[in-house]
Trainee: 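One structure coming up, written as structure tokens, with questions to follow.
Computed over heavy atoms, backbone and side chain alike; hydrogens, waters and symmetry mates excluded.
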Amino acid sequence: MKLSQKTLDRMKTLTELHGAPGFEDLVREYLRKELEPLSDEIITDGLGGIFAVKKSGKKDAPKVMIAAHMDEVGFMVTELKKNGLIKFVPLGGWSSDVLLSQKLKLRTRDDKEITGIVGSVPIHFRKGGRDKKTEIKDMLFDVGADSEDELREMGIEVGDSIVPDVQFEVMENDEKLLAKAWDNRYGCLIAVEVLETLKDVDLDCDLYVGANVQEEVGLRGAKVSSNMVKPDVAFVVDCSPANDMMGKKDDTGKIGEGTLLRIMDRTMILSKPMREYMIDIAEQNNIKYQYYTSPGGTDAGSIHVSNEGVISGVVGICARYIHTSHSIIDYNDYIEAHKFLSELVQGIDSDVVKTLNGN
């Protein structure tokens, strides 16, 4: 099965949008435009999360929440130096070894995007040996300015956000897709397209589909949106790190091996009833899946302990090299995740919710 051109176009638009933590407004505007025609109403929370609502029409229907996150790992400007270079701090988890000489783009307050690179000291001039590690705090962003005044003339100020400057690309093996921000524009995409799939389907649950802010800096937006929606069940959609580069049989998280059944991470253990429900749905619908554990976390970590406790599962895919400028997915995993999430939602009714809660 091939992806439609509409899906590819959405992938390109979403991954190329500028959306560092705390600066998700362009992604939110896009989601509003895509979700509004598919929903009964759009609701937003005080931090900037956005959700489309599809009512079931059934009395006392359980609430099901599908939650992506809009933000990508990025940076914030902290100092404009007199020589025209820029100091920055990370927003989200970055490793220093993936940054030097990378091309990034800075978004000014008037929405102009300015390209630059992360400056690196030539090997000839490095103190302490050629292999000395450069910390992020010692890096500088170079947009080609010669002075602090020139930076300000460009419209650059302290507090502006920076993300990788990368264009979406279909690779030579056209099942592989290269982009920045698969973590988590994958989730934004699947949220839109699953709601599109279910638009005219009669559900036994009220469906809330959308995305949170500031996941990459501590699952912050999920706390707020879950308190707003008060779901009975939540499915978080997120992109996780693949661990298949060495080609070992026991590697977990292989691109092309299907959607992820995340059984545990540092923020949540998948409950036994939800695990059984997810496996049953996958097996009944011939969905390709793989078990996954992670040292990281997702918005499910916040959602499942919100309110009085929310039974939650994660419908993910993995990508190589997340939290860098460039990451790669296999689109077959997206297709399996889309089928999986659609079937999971359609299977939810009041009796299933009772079972998931151990009643």
Side-chain angles (χ1 to χ4, degrees), residues 1-21 23-35 68-75 91-92 94 98-99 101-107 111-118 161-196 211 215-216 237-242 244-245 253-256 259-260 315-338 341:
M1 180 179 175
K2 294 283 189 182
L3 293 182
S4 69
Q5 189 59 49
K6 185 176 185 180
T7 295
L8 286 168
D9 290 344
R10 281 172 168 159
M11 285 177 164
K12 177 176 173 60
T13 299
L14 276 166
T15 57
E16 292 180 5
L17 282 172
H18 195 297
F23 299 87
E24 298 94 344
D25 53 297
L26 295 178
V27 185
R28 183 167 53 251
E29 288 169 16
Y30 176 83
L31 289 179
R32 182 185 292 276
K33 178 174 67 73
E34 293 288 305
L35 292 170
H69 69 85
M70 291 175 265
D71 55 317
E72 63 190 290
V73 290
F75 307 92
L91 297 175
W94 285 93
V98 300
L99 281 174
S101 300
Q102 289 296 308
K103 191 169 136 184
L104 311 178
K105 56 184 176 182
L106 180 152
R107 183 182 171 206
D111 292 332
K112 183 168 64 172
E113 292 191 347
I114 297 173
T115 294
I117 63 165
V118 179
S161 63
I162 304 170
V163 298
D165 187 358
V166 177
Q167 291 189 332
F168 172 83
E169 185 176 341
V170 178
M171 301 181 77
E172 188 67 22
N173 173 350
D174 65 6
E175 295 180 344
K176 306 298 192 297
L177 306 173
L178 174 70
K180 73 169 181 67
W182 281 125
D183 179 14
N184 185 31
R185 306 295 157 70
Y186 147 75
C188 296
L189 174 71
I190 199 172
V192 169
E193 296 207 328
V194 164
L195 183 59
E196 191 171 55
E215 189 268 357
E216 297 291 0
V237 281
D238 208 342
C239 187
S240 301
D244 62 354
M245 286 75 74
K254 298 179 182 179
I255 64 173
T259 185
L260 303 180
V315 178
I317 65 170
C318 58
R320 290 177 181 162
Y321 326 120
I322 69 166
H323 287 219
T324 74
S325 294
H326 301 79
S327 50
I328 298 171
I329 69 166
D330 186 312
Y331 74 58
N332 293 295
D333 297 337
Y334 173 76
I335 291 169
E336 296 301 318
H338 182 282
L341 185 58

Trainee: More than 12 foreign heavy atoms under 6.0 Å from NZ of K33: is that the case here?
Mentor: yes
Trainee: Which distance, rounded to the nearest 0.5 Å, do you find between the CD of E34 and the CG of L189?
Mentor: 9.5 Å
Trainee: For L3, which of V170, L177, D174 qualifies under side chain to side chain contact (heavy atoms under 4.5 Å, CB included)?
Mentor: L177
Trainee: So F23 and L91, do their side chains get closer than 4.5 Å, heavy atoms only?
Mentor: yes
Trainee: For side chain to side chain contact (heavy atoms under 4.5 Å, CB included), just list the numbers for R10 and T13, CA-CA rounded to whole Å, side-chain angles, deciding distance to a tenth of an Å, and then say yes or no.
Mentor: CA-CA 5 Å; R10 281 172 168 159; T13 299; 5.8 Å; no
Trainee: Has the side chain of D165 got a donor or acceptor atom that lies under 3.5 Å from a matching backbone atom of G116?
Mentor: no
Trainee: For the CZ atom of R185 and the CD1 atom of I329, what is their distance to the nearest 0.5 Å?
Mentor: 13.5 Å
Trainee: In Å, rounded to the nearest 0.5 Å, how long is the span from CE of M70 to CG of L26?
Mentor: 11.5 Å
Trainee: Could you give the distance from CG (L341) to OG1 (T259), rounded to the nearest 0.5 Å?
Mentor: 8.5 Å
Trainee: Would you say H18 and S161 make side-chain contact, with heavy atoms under 4.5 Å?
Mentor: yes
Trainee: In Å, rounded to the nearest 0.5 Å, how long is the span from CG of L104 to OG1 of T115?
Mentor: 9.0 Å
Trainee: Quick one: are F75 and L99 in side-chain contact, heavy atoms under 4.5 Å?
Mentor: yes
Trainee: Out of the candidates E193, K12, H338, only one should pair with T7 under the side-chain hydrogen bond (donor to acceptor under 3.5 Å, both in side chains) rule; please name it.
Mentor: E193
Trainee: Taking all non-hydrogen atoms of both residues, which atom of A211 and which atom of C188 are closest, and how far apart?
Mentor: CB-SG, 4.3 Å
Trainee: Of the non-hydrogen atoms in D333 and G256, which two are nearest, and what is the gap between them?
Mentor: OD2-N, 2.7 Å
Trainee: For residues D183 and V73, determine if any side-chain heavy atom of one lies less than 4.5 Å from a side-chain heavy atom of the other.
Mentor: no
Trainee: Give the minimum heavy-atom separation between E72 and L17, together with the two atoms involved.
Mentor: OE2-O, 3.1 Å
Trainee: Measure the spacing between CE of M11 and OH of Y334 and express it to the nearest 0.5 Å.
Mentor: 6.0 Å
Trainee: Does one side chain, of E24 or H69, offer a donor that lies under 3.5 Å from an acceptor on the other?
Mentor: no
Trainee: Regarding D9 and Q5, is there a side-chain donor-to-acceptor distance under 3.5 Å anywhere?
Mentor: yes
Trainee: Hey, is the main chain of A179 close enough, under 3.5 Å, to the side chain of S327 for a donor-acceptor pair?
Mentor: yes
Trainee: So which heavy atom on C239 is nearest to which on N184, and how close?
Mentor: N-OD1, 3.4 Å
Trainee: Does a side-chain heavy-atom distance below 4.5 Å link F168 with L8?
Mentor: yes
Trainee: List the atom of K180, the atom of T15, and the distance in Å for their closest heavy-atom pair.
Mentor: NZ-O, 2.8 Å
Trainee: Tell me the closest heavy-atom pair linking I255 and A242, and the distance in Å.
Mentor: CG2-CB, 4.0 Å
